[in-house]
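Since the structure is predicted, the reported quantities are computational estimates derived from the model, not experimental observations.
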Amino acid sequence: QVQLVESGGGSVPAGGSLRLSCAASGLRFDDYAMGWFRQAPGKEREGVSYISRLGTALYPDSMAGRFTISRDKGKNSVYLQMNSLKPEDTAMYYCAARMTVHGDNWDWKSLNAYPYWGQGTQVTVSS
């Protein structure tokens, strides 16, 4: 079965950096778009970044320039490099996967668009 396992979370001071990893198994990685989401206590889960099968990356405006998503076909993994972290970045971070085909039209920020989710990794940024 499909499994997504996140790692790399932790506690850092404001201004610090973290690199999250998500290892995927049980799927043909090249067929899947990958997303990173986060959920802070009392808030809705929100999209952080997305990378297509071919490597096109998208971010919300609030995170562009600080976060960078990438994927490694050989390791069946997707990464999220987070720089200049702020206390408001504190949240549980999840990766998600969706099989896509050419011409597929969907909203990468929609939670319902992803059938597969990891268990999450906690990121805490102190002020």
Side-chain angles (χ1 to χ4, degrees):
Q1 72 275 23
V2 175
Q3 280 194 315
L4 304 175
V5 180
E6 301 95 335
S7 62
S11 297
V12 295
S17 298
L18 282 174
R19 185 182 190 230
L20 306 184
S21 300
C22 172
S25 61
L27 52 73
R28 179 180 161 85
F29 191 64
D30 282 355
D31 291 340
Y32 283 75
M34 304 295 294
W36 281 100
F37 291 77
R38 70 184 183 186
Q39 188 167 19
K43 295 189 176 181
E44 294 185 351
R45 194 170 297 191
E46 63 174 347
V48 173
S49 63
Y50 154 90
I51 188 165
S52 73
R53 294 184 300 126
L54 300 180
T56 299
L58 297 173
Y59 311 89
D61 289 344
S62 60
M63 297 163 202
R66 297 195 300 125
F67 292 3
T68 303
I69 191 172
S70 61
R71 61 190 295 156
D72 185 332
K73 172 182 177 180
K75 295 183 178 180
N76 275 18
S77 293
V78 62
Y79 307 97
L80 183 67
Q81 178 67 43
M82 304 187 295
N83 299 326
S84 303
L85 283 163
K86 306 174 182 179
E88 51 264 43
D89 293 318
T90 294
M92 186 72 79
Y93 283 70
Y94 301 88
C95 72
R98 173 190 167 100
M99 181 184 288
T100 61
V101 297
H102 180 69
D104 201 1
N105 186 18
W106 57 290
D107 179 4
W108 74 266
K109 297 184 293 298
S110 172
L111 305 183
N112 292 332
Y114 298 86
Y116 303 110
W117 291 83
Q119 294 300 306
T121 186
Q122 178 68 39
V123 171
T124 302
V125 185
S126 58
S127 57

Just say parallel, tilted or perpendicular for the rings of Y50 and W106, cut-offs at 30° and 60°.
perpendicular

Looking only at non-hydrogen atoms, find the nearest pair between [X] and [Y] and report the distance.
| X | Y | answer |
| --- | --- | --- |
| V123 | M82 | CG2-CE, 3.8 Å |
| I69 | A57 | CG2-CB, 3.5 Å |
| D89 | R66 | OD2-NH1, 2.7 Å |
| Y94 | Q119 | CE2-O, 3.4 Å |
| P115 | A97 | CD-O, 3.2 Å |
| Y116 | L4 | O-CD1, 3.5 Å |

Verdict with supporting geometry, R38 and E46, salt bridge (charged side-chain N to carboxylate O under 4.0 Å, His left out):
CA-CA 6 Å; R38 70 184 183 186; E46 63 174 347; 2.7 Å; yes

So how far is it from [X] [atom1] to [Y] [atom2], rounded to the nearest 0.5 Å?
| X | Y | atom1 | atom2 | result |
| --- | --- | --- | --- | --- |
| L80 | R71 | CG | CZ | 14.0 Å |
| L27 | F29 | CG | CZ | 7.5 Å |
| N83 | R19 | CG | CZ | 11.5 Å |

Answer yes or no: is there a side-chain heavy-atom contact under 4.5 Å between [X] and [Y]?
| X | Y | result |
| --- | --- | --- |
| P87 | S127 | yes |
| K86 | V125 | no |
| T121 | S7 | no |

Derivation of the side chain to side chain contact (heavy atoms under 4.5 Å, CB included) call for W36 and E6:
CA-CA 10 Å; W36 281 100; E6 301 95 335; 3.9 Å; yes

With a sphere of 6.0 Å drawn around CG of N112, does it hold more than 12 non-hydrogen atoms of other residues, nucleotides or ligands?
no

Are R53 and T100 linked by a side-chain donor-acceptor pair shorter than 3.5 Å?
yes

Determine whether the side chains of R98 and Y114 contain a donor N or O and an acceptor N or O closer than 3.5 Å.
no

Output, in order, the C-alpha distance, side-chain angles, deciding distance and verdict of side chain to side chain contact (heavy atoms under 4.5 Å, CB included) for F67 and L85.
CA-CA 9 Å; F67 292 3; L85 283 163; 4.1 Å; yes

